[in-house]
Amino acid sequence: MDNDSERKQWKDELDRSRIAVCLVGGARRFELTGPSIMEKTLEVYPNSDLFLHSPLDSKAYKLSLLNAAPRIAAVRIFRPQPIPETESHVRVLTAANSPNGIQGLLQYFNLVEGCLTMIRAYQKQNNFTYDWIVRTRVDGYWSAPLAPENFIPGHYLVPLGSSYGGLNDRLGLGDYNTSVVALSRLSMIPQLDSAGRYRLLNSESAFKAQLTVQQIPYLTTRLPFCVVTDRQYEFPPEPIYGVPVAALSSQGSLSGAKCRACTPVCTGSCVEPVMNGLDKDRGWMDWDRSTLELCDAHHEWESGWEKIFDDVAGEKHAKARRRIEGLKLDECVREFDEMMNKTAQWEAPPGSLEFIAHPKFNTWRPSNSLPLLVKLRLVRALYLLNVKLARSWVASIDSLEALDVERVEFCALKYLTLECVTVEEWSASEETFPMLEKLVIKDCEYLEEIPHIFADIPTLQLIEVVDCKKSAVGVSAMNIKKEIEDTTGCDILQVRISTDC
């Protein structure tokens with residue numbers, strides 16, 4: 001656009017358009033990225049509708065930040081399940097450089113295409129079609145607004161750089177027709193396979209291939225966001241294939257490059273030799289040595305990163321970060337209730353709200369103490385990870401030494417997971433878990449057996465044992481199943497046993 005008048009005219013046109021903003025991925029650092037996404041995209045285009053497609057995990061409580069979003073059309077929070085790998089998947093995709101192999105690619109593609117499914121359902125319900133779809137990631141930090149000139153009819157726009165031999169797939173923007181093709185990551189694989197010439201593709205090259213096969217014109221441009229990462233990368237980056245990690249304090253557009261809040265170790269004249277040593281065909285980022293700053297990301301985030309982030313992001317976003325860190329259970333539940341009520345379509349696993357609302361309550365690590373017993377009695381989902389319990393499962397609220405759960409009733413608990421919990425004997429009664437539906441025990445190598453009283457819990461539907469040490473826990477689960485069958489004459493308890501670590 002040549003002048004401010006044309007830009008304003010196009011912005012006014014976009015403000016009258018229907019825009020879907022599709023947000024996908026896990027909420028690992030959403031207290032850092034979420035406020036920027038709302039300010040730089042949703043609030044810039046007030047007629048936009050938010051669609052969230054995110055896996056349920058211990059960080060999902062951070063998604064409560066979206067309660068402040070202007071308009072929420074649909075939310076789907078789900079428990080990830082393995083996706084069957086077909087012959088087409090194996091031929092078209094490669095496991096190379098994917099942390100979780102082909103399965104990891106399929107899960108990511110499912111996240112993206114799942115958002116398209118949500119958009120279509122919402123359109124059908126409300127009898128209209130979106131003009132534009134913006135697809136971005138939950139872990140994207142925006143340093144500047146998404147500009148109107150990035151909306152280009154008939155073309156699909158992606159970030160410049162980080163192309164890995166294809167197209168950067170960390171964000172995409174297009175009109176409805178081009179977006180349908182771009183977001184069909186999973187369902188397009190058989191068509192790529194049938195073409196015969198697409199083999200062993202990574203995510204970026206598969207993305208480029210699907211646009212090419214469907215003859216969708218695409219454009220690349222610099223965009224003001226980066227992907228906040230907890231992964232560790234060598235510094236300096238290895239020649240050719242190393243991965244540079246930008247500091248959040250870098251000026252200019254990072255176009256989806258990996259980033260973190262850090263004290264830069266490489267600025268100015270240091271940047272050029274580092275970046276020139278990388279494979280230019282991969283187009284890591286469109287860099288400028290006067291604006292790009294690099295982190296040493298070979299270790300965890302440095303002590304004091306919070307102040308670094310706050311200085312870069314400003315007080316408004318710093319306040320949001322601090323609020324999430326200090327969130328109380330009742331506040332979080334209230335915000336999720338409000339968010340659910342303002343969302344036109346809400347989908348989440350049964351009984352998951354409490355887990356989403358406060359994993360600091362539902363997930364107990366050694367550095368945390370359990371909340372008050374009165375709260376523990378009301379929780380519906382409890383996940384104990386890396387906890388050491390006394391010989392028989394007796395515990396006080398803080399020290400786990402004085403409360404025998406045989407005398408405690410978890411009256412609302414439906415989902416109980418024990419992972420890497422150190423305990424030998426487990427004492428309980430049928431009154432302990434009167435509403436329990438699912439029990440998961442993973443790698444509890446010292447646990448001798450599941451209490452036989454679980455056979456007397458009428459609501460129990462599933463026991464899942466992931467038992468790396470092949471102990472008798474799985475045997476006790478099958479004994480409980482048999483006892484229920486002998487008592488009731490019905491096969492009502494499902495038992496899953498895996499010896500895979």
Side-chain angles (χ1 to χ4, degrees), residues 10-25 30 33-34 36-54 63 65-78 108-140 142 145-159 169-188 207 210-211 214 216 218-219 223 225 256 339-340 342-347:
W10 183 232
K11 176 62 167 62
D12 291 342
E13 175 65 26
L14 291 173
D15 287 344
R16 293 189 294 269
S17 302
R18 299 299 299 262
I19 301 174
V21 176
C22 181
L23 192 58
V24 301
F30 196 62
T33 62
S36 75
I37 293 170
M38 286 189 286
E39 180 183 2
K40 309 299 186 184
T41 59
L42 297 173
E43 294 175 7
V44 174
Y45 302 97
N47 204 33
S48 60
D49 293 324
L50 174 64
F51 293 80
L52 172 68
H53 196 208
S54 181
L63 297 172
L65 279 167
L66 291 174
N67 187 39
R71 296 157 56 119
I72 309 177
V75 170
R76 181 173 184 262
I77 299 173
F78 65 98
Y108 176 57
F109 294 172
N110 181 60
L111 266 176
V112 173
E113 189 158 351
C115 210
L116 176 61
T117 301
M118 294 165 62
I119 290 171
R120 283 171 160 165
Y122 187 75
Q123 289 181 151
K124 183 176 180 181
Q125 183 182 37
N126 294 278
N127 195 30
F128 76 93
T129 301
Y130 282 104
D131 301 300
W132 302 92
I133 299 178
V134 179
R135 197 274 300 171
T136 187
R137 291 172 45 147
V138 171
D139 54 4
W142 287 75
L146 178 63
E149 52 264 35
N150 293 313
F151 292 76
I152 304 173
H155 292 74
Y156 199 72
L157 188 84
V158 298
D169 63 351
R170 297 170 187 174
L171 178 141
L173 191 166
D175 57 33
Y176 182 75
N177 291 330
T178 61
S179 293
V180 166
V181 175
L183 299 181
S184 299
R185 299 301 310 267
L186 207 54
S187 58
M188 278 288 295
F207 181 42
Q210 72 185 68
L211 295 181
Q214 290 292 316
I216 299 296
Y218 55 82
L219 298 169
L223 290 167
F225 82 105
M339 181 176 162
M340 189 161 52
K342 69 188 288 186
T343 301
Q345 297 176 353
W346 180 282
E347 180 183 348

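- Considering every non-hydrogen atom in both Ser48 and Val21, the closest pair reads CB-CG2, 3.9 Å.
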Chi angles and distances behind the side chain to side chain contact (heavy atoms under 4.5 Å, CB included) call for Val44, Trp142: CA-CA 12 Å; Val44 174; Trp142 287 75; over 6 Å; no
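- At least one donor-acceptor pair closer than 3.5 Å links the side chain of Ser179 to the backbone N or O of Gly174.
- Listed by chain and residue number, nothing satisfies the ring-ring contact (aromatic ring centres under 6.0 Å, His included) test with Tyr176 (two or more places apart in sequence, or in another chain).
- Put simply, the side chain of Gln210 gets close to the backbone of Ala182: a donor and an acceptor are under 3.5 Å apart.
- For the pair Tyr108 (side chain) and Arg185 (backbone), a donor-acceptor distance under 3.5 Å is absent.
- With hydrogens and angles ignored, the 3.5 Å screen pairs a side-chain donor or acceptor of Asn67 with a backbone N or O of Met339.
- For an aromatic pair to be called close, the ring centres must be under 6.0 Å apart, and Phe207 with Tyr218 fails this.
- Here the CD1 atom belonging to Ile72 is positioned 11.5 Å from the CZ atom belonging to Phe51, to the nearest 0.5 angstrom.
- When all heavy atoms of Tyr45 and Ala147 are compared, the pair lying nearest together is OH-C, 3.3 Å.
- Side chain of Arg135 to backbone of Asp169: a donor-acceptor contact under 3.5 angstrom is found.
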Could you please spell out the steps behind the side chain to side chain contact (heavy atoms under 4.5 Å, CB included) verdict for Met118 and Glu347? CA-CA 10 Å; Met118 294 165 62; Glu347 180 183 348; over 6 Å; no
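- To the nearest 0.5 Å, atoms SG (Cys22) and CG (Leu183) are separated by 6.0 Å.
- Listed here is the closest heavy atom pair of Cys115 and Val24: CB-CG1, 4.0 Å.
- Proximity of a side-chain donor or acceptor of Thr343 to a complementary backbone N or O of Ala73 within less than 3.5 Å is not detected.
- Between the CG atom of Leu63 and the CD1 atom of Ile77 there is a distance of 5.5 Å, given to the nearest 0.5 Å.
- Residues Ile19 and Asn47 are not in side-chain contact: their nearest non-hydrogen atoms beyond the backbone lie 4.5 Å or more apart.
- Within the 4.5 Å cutoff, the side chain of Arg170 has heavy atoms near those of the Phe225 side chain.
- A donor-acceptor pair is defined here as one N or O able to donate and one able to accept, closer than 3.5 Å; such a pair exists between the side chain of Trp10 and the backbone of Pro148.
- Counting only heavy atoms from C-beta outward, the side chains of Leu116 and His53 never approach each other to under 4.5 Å.
- In this structure, Pro159 and Leu171 approach most closely via the heavy-atom pair CD-O, 3.2 Å.
- Each of Leu219, Leu157, Val134 was scored for a side chain to side chain contact (heavy atoms under 4.5 Å, CB included) with Asn150, with one residue passing: Leu157.
- Between atom CD1 of residue Ile133 and atom CG of residue Asp49 there is a gap of 11.0 Å, rounded to the nearest 0.5 Å.
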Any chance you could lay out the side chain to side chain contact (heavy atoms under 4.5 Å, CB included) test for Leu66 and Phe30, step after step, and finish with the verdict? CA-CA 10 Å; Leu66 291 174; Phe30 196 62; 3.7 Å; yes
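- Contact detail for Ile119 and Ala20: the closest heavy-atom pair is CD1-CB, 3.9 Å.
- Ring orientation note: the planes of Tyr130 and Tyr122 are close to parallel, at an angle under 30° on the 30°/60° scale.
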Would you please test Asp15 and Lys11 for salt bridge (Lys or Arg N to Asp or Glu O under 4.0 Å) and show each step? CA-CA 6 Å; Asp15 287 344; Lys11 176 62 167 62; 2.8 Å; yes
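- The minimum heavy-atom distance linking Leu14 with Phe151 is given by the pair CD1-CD1, 3.6 Å.
- A heavy-atom distance below 4.5 Å is found between the side chains of Val138 and Leu52.
- Remark: His155 NE2 to Leu173 CG distance equals 13.0 Å, nearest 0.5 Å.
- The structure places CE of Met38 at 9.5 Å from OG1 of Thr33, a figure rounded to the nearest 0.5 Å.
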Under the criterion side chain to side chain contact (heavy atoms under 4.5 Å, CB included), I'd like the reasoning laid out for Arg120 against Val180: C-alpha separation, chi angles, the key distance, then a yes or no. CA-CA 10 Å; Arg120 283 171 160 165; Val180 166; 3.2 Å; yes
